[in-house]
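Report on the following structure.
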Amino acid sequence: MSAKIKINVVWFKCTDLRTHDHAALKAAHSAGLPVLHLYIFDPFWHSGKTRLCGYPKTGTIRNRFQLEAVEDLASKLLAKGHVLNLRRNSTKACFEELCQDFSVQEVFAFREICSEELRVEREVRQVLGRHRSSFSTFWGFELYHHDDLRFDPRAPRGAFNSYTAFRKRVEEGSYVRPSRNEHPVFRPGSDSVRWKRAEAAPKLSELMGSDMSDADEAAQKDPRAELWWRGGETAALARVEQFLWEEDSLGLDYVGATMTMDPSKSCMRDKSMSKLSPWLAHGCLSPRLLYEEVKRYERERRKNKSTYWIIHELLWRDFVRFGSIHAGTSIFRIGGPMNLKPSWNWSSDKEKLAKWTSGNTGFPFIDCFMRELKTTGYCNHMGRETAGWFLIADLGLDWRMAAEWFESVLIDYEPTANWFNWTYRCLPAAKQKRLPGECLGSLEILKWGTQHDPDALYIKRWIPELQSLPSTVAREPWRLGLNGQTPSAGSTGLRPAPTGQFSVSRQPLEALVAMGFDEKDAAIALFRTGENPDEAAALLLSSGHDVDCQQVDDSEDENMARAVALSLQGGSQSSGTKAARTEAPVSFEYGRDYPKPMIQPVSLMHTEQAEEEARQQQSKRDAQIVAAKRHKSSSGQVFQRSEWEQARQQWPAETPTSAKSHQGYGSWQRRSRRVCQEDNTTKQHAGESGSATRRWGGAGGRAIGG
């Protein structure tokens, strides 16, 4: 029997699918042995189910993205003379077979943090330990390297009390390592190891099994979506090039996921988000490389709040990532790290959950995001956060069921970003004193809807049933039920349209004007329906029952103005804008074409004024953006790809990130580095060093129990 070939192995996972800034890949190719590159399509991840609700752990959209990313990684390696070996089996079984076929000297991989990932890693360590093979893991998912922090994430001394506390501690002296430090060097003529058991890349239907439908297989870009993500390092770098350098969107259009308070900036517009998160979540794009590009953009183009904000959001990724080391499995428990216990009992009502996941809650601001999420695998941070608050505070549902839905459908899912954010940002909504289900308490869905979508364009994009409604009513359709009744456009007994002077009551007229209807049309509709605001609203929305303004002679406009003024008792309530009318069905019937709210709704006062303020401020910002782009065009500034590629290789990361310099490592870091050095020197076997898993991330299965 011939001797086994001695090799090193790079174990790629779904969070490090790139060839740049990859410490494990660099280390493996620096060790002097032939390298086998491995990716495993483990059924646990790709066709497994979540624990509470039985959703696919990885839904169709993310599975497709991962297949594309793996395909791109294989192409990148092939261009360097190496192959990516693919397997479809349990990870443990694959490493058992690998050790049977080769003499595995060492396995190189990225570090893990969460419980399910650590369980798989422990199984691999045990297999390698039995074969006296080593296992080395490397940090590389984060912006800041773990060893460069000024505190131990296991004993942070308040660093995770808040994001601000974490940010200040990091900026006191930590620094961002240059991405080029971990670029792998592929030696000319180095041996490329092919595994005879390697398989062809599976089809999406093969990967998902029974969870896959023909429609999913043939899915194409939804025309309403701004972007259709393609997995892989190539597409990731192309998006950075496009968003920063070709379109100049970072400094001009970008708003950021958590910029919710500035009325001049809307998170619900195209180009307001970089939408790089799927590539960051899968490791197709290094956060350090992106950081360097942003810093270079600040030097060469402009530095403003937008360029600061994208770095702030990279730092937020580190906050939830390192914070999960400190929190351990508590992020999967119903009470979260703070063991929060509300004054009411959590509900597991699957019918209510289904309305939430499908975007049929009756609250358009929630529903538009949930429908976008289900269709594309993405909605912005504001949508995820408000949907979480609503589910917890207003529906009282077990938030873990919703987190499992996000785990299944999100294209940018990463366990710490999902589960830590649920416990840190959404779970505190359970501290409220009122009982869920009484009436709407998450007023942000009204305030932010008015501010970020004053014309309801985004809502109408994802909820086409509301296309025919004025903006205010599209955001708050319950305003159609002014008398607590369901308006119907098919009502009989309408009075003829007035032909001379008439008057209507002030209160119902104000209500219709507040919805965005024109004063004149609203007054006529009220006259014809006997001042029934529900029937008047239905009449205004119905194409089958035209208000017929032509019956009022133009010579009567003065009388009409006096009648409206009389009804409003001299108040000036006109929106100044005629209600938008688009081609609509025969009629819009509230409760039939779009569901009534799951709980008692409310409306905010002065919505029209807030709408107009947002419109004006966003229009002013739009004008500034247009002027800046026109200036760029007239100055002859043209993006050159070759220059971009050259500059990308030359600019190092900016270090340190604050005015204070890095003064060396703390005692806990020196111990950590010494342990790593000892591991590298003595080549401890994986079976003997398994405690490292517990040292960095905690052990045990992913806890779900409350």
Side-chain angles (χ1 to χ4, degrees), residues 10-29 35-41 58 61-86 108-110 138-143 176-186 192 201 227-246 250 274-294 296 310 314 317 377-378 411-414 417 641-642 644-651 653:
V10 178
W11 174 21
F12 288 99
K13 306 172 204 172
C14 65
T15 51
D16 65 332
L17 299 175
R18 65 174 184 262
T19 58
H20 70 270
D21 189 20
H22 199 299
L25 187 60
K26 178 183 179 181
H29 280 271
V35 179
L36 185 147
H37 305 87
L38 176 66
Y39 184 86
I40 301 169
F41 291 100
T58 305
I61 295 172
R62 194 163 76 253
N63 262 318
R64 179 184 286 110
F65 185 94
Q66 290 179 6
L67 278 170
E68 293 167 350
V70 169
E71 177 186 357
D72 184 71
L73 176 63
S75 297
K76 291 278 189 179
L77 290 172
L78 188 61
K80 299 294 184 181
H82 293 267
V83 296
L84 179 63
N85 296 273
L86 306 179
F108 300 81
F110 268 25
F138 300 80
W139 297 97
F141 185 86
E142 303 78 15
L143 176 64
V176 177
R177 296 184 178 185
S179 65
R180 56 185 168 82
N181 287 2
E182 300 298 348
H183 283 341
V185 177
F186 297 93
S192 175
L227 192 65
W228 182 256
W229 289 273
R230 179 169 183 81
E233 181 179 2
T234 301
L237 294 176
R239 176 61 177 174
V240 172
E241 174 186 335
Q242 176 193 39
F243 192 77
L244 272 68
W245 301 104
E246 291 181 354
L250 175 59
S274 71
K275 297 196 172 178
L276 291 166
S277 58
W279 291 295
L280 287 165
H282 288 86
C284 303
L285 174 64
S286 158
R288 290 189 283 263
L289 181 61
L290 177 58
Y291 173 84
E292 292 165 4
E293 286 294 291
V294 172
R296 185 165 71 85
I310 196 170
L314 288 175
R317 292 176 74 250
Y378 177 91
I411 192 173
D412 58 4
Y413 172 80
E414 187 275 326
R641 182 180 179 87
S642 59
W644 175 74
E645 288 285 0
Q646 182 179 4
R648 186 168 66 85
Q649 300 296 329
Q650 293 176 348
W651 282 112

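Just so it is clear, the values below take in all heavy atoms, side chains as well, and ignore hydrogens, waters and symmetry mates.
Here the side chain of E414 pairs no donor or acceptor atom with the backbone of H282 at under 3.5 angstrom.
Considering only residues two or more places apart in sequence or on other chains, F110 meets the ring-ring contact (aromatic ring centres under 6.0 Å, His included) condition with H22. Contacts of T234 classified as side-chain hydrogen bond (donor to acceptor under 3.5 Å, both in side chains), with partners at least two apart in sequence or in another chain: D72. Under the side-chain contact (heavy atoms from CB on, under 4.5 Å) criterion, S286 pairs with R18, H20, D21, R288, L289, not counting sequence neighbours. E68 is linked by a side-chain hydrogen bond (donor to acceptor under 3.5 Å, both in side chains) to R230, counting only residues two or more places apart in sequence or in another chain. Residues meeting the side-chain hydrogen bond (donor to acceptor under 3.5 Å, both in side chains) test with K26, sequence neighbours left out: none. Among residues two or more places apart in sequence or in another chain, the side-chain hydrogen bond (donor to acceptor under 3.5 Å, both in side chains) test is passed with N85 by none.
Considering all non-hydrogen atoms of both residues, F108 and A28 come closest at CD1-CB, 3.6 Å. Heavy atoms only, all atoms of each residue included: A281 and D412 are closest at CB-O, 3.4 Å. H82 and S192 get closest at one heavy-atom pair: CA-OG, 3.3 Å. The shortest non-hydrogen separation linking V10 to V35 is CG2-CG1, 3.8 Å. Taking each heavy atom of L280 and L290 in turn, the nearest pair found is CD1-CD2, 4.2 Å. Closest heavy-atom contact between V294 and L244: N-CD2, 4.2 Å.
Tested against Y378 for a ring pair (Phe, Tyr, Trp, His ring centres under 6.0 Å), the candidates W229, W228, Y413 yield a single pass: W229.
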Stepwise side-chain contact (heavy atoms from CB on, under 4.5 Å) test for F41 and L86: CA-CA 7 Å; F41 291 100; L86 306 179; 4.3 Å; yes
Just do the side-chain contact (heavy atoms from CB on, under 4.5 Å) check on Y291 and I310 with the steps written out, would you? CA-CA 9 Å; Y291 173 84; I310 196 170; over 6 Å; no
Verdict with reasoning, F12 to I40, per side-chain contact (heavy atoms from CB on, under 4.5 Å): CA-CA 8 Å; F12 288 99; I40 301 169; over 6 Å; no
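Interatomic distance, NZ of K13 versus CG of D16, reported as 7.0 Å (0.5 Å rounding). Atom NZ in K80 sits 13.5 Å away from atom OG in S75 (nearest 0.5 Å). With rounding to the nearest 0.5 Å, the separation of CG in L84 from NE2 in H37 is 8.0 Å. W11 contributes atom CH2, which lies 8.5 Å from atom CG of L38 (distance to the nearest 0.5 angstrom). Distance SG/C284 to CD/Q66: 9.0 Å, rounded to 0.5 Å.
F186 and H29 have perpendicular rings, their planes meeting at more than 60° on a 0 to 90° scale where under 30° would count as parallel.
A cation-pi geometry, defined here as NZ or CZ lying under 6.0 Å from the six-membered ring centre and within 45° of its normal, holds between R317 and F141.
Between V240 and L276, the closest side-chain pair of non-hydrogen atoms falls below 4.5 Å. A 4.5 Å side-chain heavy-atom check between L17 and W279 finds every atom pair outside the cut-off. Looking at heavy atoms from C-beta onward, L250 lies out of side-chain contact with E293 at the 4.5 angstrom threshold. Side-chain contact check for E292 versus P178: some heavy-atom pair is nearer than 4.5 Å.
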